[in-house]
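Heavy-atom basis, side chains included; hydrogens, waters and symmetry copies ignored. Since we're looking at a predicted model, the values are computed, not measured. All ligand and atom numbering here is 1-based and tracks the order in the structure.
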Amino acid sequence: MKIVFLGPPGAGKGTQSERLTSRFGIPQLSTGDMLRAAVKAETAIGLKAKEVMAAGQLVSDDIVVGIVADRIGEPDAAKGFILDGFPRTVAQAEALDAMLTGKGLALDAVLELVVDEGALLDRIHKRVAETIAAGKPVRADDNADAVATRLAAYRQQTAPVSGYYASHGVLQRLDGMRPVDEVTASILAALGEAPRQRSSQAANV
Ligand code: ADP
């Protein structure tokens with residue numbers, strides 16, 4: 001199963017990706033996580049990406065496409081993967097198509113989580129508060145200026161990616177405003193999967 005998640009920052013891509021990871025036994029490939037790891041490890045890519053990310057802008061297509069191409073070639077991605085945060089530009093979407101076609105592969109689904117902008121800001125603020133309460137470091141781009149830039153980058157550069165996949169007939173738009181479990185259920189339905197029964201119900205069967 002090869003899935004792409006689209007949606008603005010705070011839409012719930014990470015949360016839903018994690019759930020699908022355990023259900024399908026395929027890795028979540030978050031370009032944001034990979035880039036943050038590179039920044040932390042101070043690799044050549046990390047050093048290039050650090051300031052751009054902290055400002056909330058997009059890292060160059062070349063860098064990100066290179067990271068994803070390497071990652072999907074690793075053995076754990078052979079059965080499939082969930083892309084979270086990639087592609088974020090139409091050029092990245094085209095590069096992904098070329099990568100997969102070259103391997104005789106294709107995406108199974110592109111799922112867009114649709115959330116209104118006021119809710120996004122609330123969710124991001126909540127995430128920051130929870131991070132602080134847990135005594136963990138806050139992301140360098142979780143401040144008001146960088147969040148505004150991230151949303152602007154989404155509108156200008158990433159929103160057109162939905163149109164790209166819609167024109168290829170693979171886009172499914174899902175309501176990301178509902179409770180987390182309901183969003184998961186709608187994702188499973190979109191993937192043609194039956195929801196898993198709870199053990200109490202299963203015991204009655
Ligand atoms: P969020 O979706 O919450 O904004 P991510 O963790 O997905 O955050 O990404 C954090 C940052 O990493 C982005 O603002 C951008 O700077 C960089 N980044 C992640 N994925 C990409 C990508 N596909 N293309 C360019 N930059 C990316």
Hey, which residues fall under 4.0 Å of ligand 1 on heavy atoms?
->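 Under the 4.0 Å cut-off, ligand 1 touches Pro9, Lys13, Thr31, Gly32, Leu35, Arg36, Met53, Gln57, Leu58, Val59, Val64, Gly85, Phe86, Arg88, Gln92, Arg127, Arg139, Asp141, Arg150.
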
Contacts of [X] that satisfy side-chain contact (heavy atoms from CB on, under 4.5 Å) - sequence neighbours left out:
{"X": "Ser30", "result": "Gln28, Asp33, Asp84"}
{"X": "Thr15", "result": "Val180"}
{"X": "Asn143", "result": "Asp145, Ala146"}

Flag yes if Ile3 and Tyr165 sit in one hydrophobic cluster, no otherwise; membership is Ile, Leu, Val, Met, Phe, Trp, Tyr, and two members link when side-chain heavy atoms are under 4.5 Å apart.
->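 Not linked; separate clusters.
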
Would you say the side chain of Leu120 lies within less than 4.5 Å of the side chain of Leu151, judging by non-hydrogen atoms?
->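 Yes, at least one pair of side-chain atoms sits under 4.5 Å.
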
Can a salt bridge be assigned to the pair Glu74 and Arg71 using a cut-off of 4.0 Å between side-chain N and carboxylate O?
->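 Arg71 and Glu74: salt-bridged.
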
